[in-house]
Amino acid sequence: MKKRKLEKGERGFVIALGVFSLVCLIASLKMFLTAPILSGEGTVPTLCSLIMLLMTAVILAEMRGCERAFEDKLPLAAKAKELFLFLFPGKVGLVVVYCLVYVVLLSFAGFAVSTFAFLAISMITLNSEKKIRMLVISGITMVCILIVFQYIFQVQLP
């Protein structure tokens, strides 16, 4: 059987998936061990995370001997930048960074302020020609979210 060439970032993604699966397995085992019965709340997560971890190991085993997609001689920073631009082309990478900043800002600034900022900055990034319109749409969207979730459904927002 002919070995295929690995795509950029494929091995790193599978390793990250394996680490995530291991973390999920540990967390689900903690839930399962508090009530170790088959109908307990930790049973399904434990089985799912165990299957994810096993499948990750199988995929990594199948990747052995495959050609890499880019030079190993590149410095790590250059590889990371090239991989980021490959995985997140155009403005997608910026929006991913905005999502991460939003999560951090949520605990400091609160739901309304951080959500409005996220919506406004994302919309302006994606359509920079109509900045005032994007700010108005972000404000209206934020007000609608607050009305629907906080007042109609009475959900406690962070």
Distance, nearest 0.5 Å, that separates [atom1] of [X] from [atom2] of [Y]:
X      : Y      : atom1 : atom2 : value
Thr34  : Leu29  : OG1   : CG    : 11.0 Å
Met123 : Phe118 : CE    : CZ    : 10.0 Å
Glu10  : Ile15  : CD    : CD1   : 11.0 Å
Leu126 : Ile121 : CG    : CD1   : 12.0 Å
Leu17  : Leu53  : CG    : CG    : 9.0 Å
Ile26  : Thr46  : CD1   : OG1   : 11.5 Å

Does [X] belong to the same Ile/Leu/Val/Met/Phe/Trp/Tyr cluster as [Y], with side-chain heavy atoms less than 4.5 Å apart forming each link?
X      : Y      : value
Phe86  : Phe88  : yes
Val148 : Leu146 : yes
Ile132 : Val143 : no
Met142 : Ile147 : yes
Val58  : Ile51  : no

Self-check item: ring-ring contact (aromatic ring centres under 6.0 Å, His included) against Phe116, all qualifying residues, sequence neighbours excluded
Solution: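 Scan of Phe116 (ring-ring contact (aromatic ring centres under 6.0 Å, His included), adjacent residues dropped) gives none.
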Exercise. Quick one: list whatever passes ring-ring contact (aromatic ring centres under 6.0 Å, His included) with Phe13, sequence neighbours left out.
Key: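 None.
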Quiz item: Which pairs with one or both residues in residues 120-142 pass ring pair (Phe, Tyr, Trp, His ring centres under 6.0 Å), sequence neighbours excluded?
Solution: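 Found none.
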Quiz prompt | Contacts of type side-chain contact (heavy atoms from CB on, under 4.5 Å), residue Arg133, not counting sequence neighbours | solution =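 side-chain contact (heavy atoms from CB on, under 4.5 Å) check on Arg133 returns Lys130, Ile137.
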Exercise. Mark yes or no for whether Ser128, through its side chain, and Ile124, through its backbone, hold a donor-acceptor pair below 3.5 Å.
Key: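 No: the side chain of Ser128 does not pair with the backbone of Ile124.
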Quiz item: Is a side-chain donor or acceptor of Ser122 paired with a backbone partner of Leu119 at a separation under 3.5 angstrom?
Solution: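 Checked: no pair found.
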Practice problem: Measure across Ser28 and Ser49 and return the closest heavy-atom pair with its distance rounded to 0.1 Å. | Solution: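 Closest heavy-atom pair between Ser28 and Ser49: OG-OG, 3.2 Å.
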Practice problem: Would you name the heavy atoms of Leu25 and Leu50 that are closest together and state the gap between them? | Solution: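 Heavy atoms only, the tightest pair is CD1-N, 4.0 Å.
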Show me the side-chain donor-acceptor pairs of residues 95-106 shorter than 3.5 Å, one per line, residues at least two apart or across chains.
unit_1, atom_1, unit_2, atom_2, d
Tyr98, OH, Thr125, OG1, 2.9
Tyr102, OH, Thr115, OG1, 2.8

Quiz item: Other hydrophobic cluster members with Met52, side-chain heavy atoms of Ile/Leu/Val/Met/Phe/Trp/Tyr under 4.5 Å, chained?
Solution: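 Its cluster partners, ordered by chain and number, are Phe20.
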Exercise. Check whether any side-chain heavy atom of Phe111 lies under 4.5 Å from a side-chain heavy atom of Gln156, and answer yes or no.
Key: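 No. Closest side-chain heavy atoms not under 4.5 Å.
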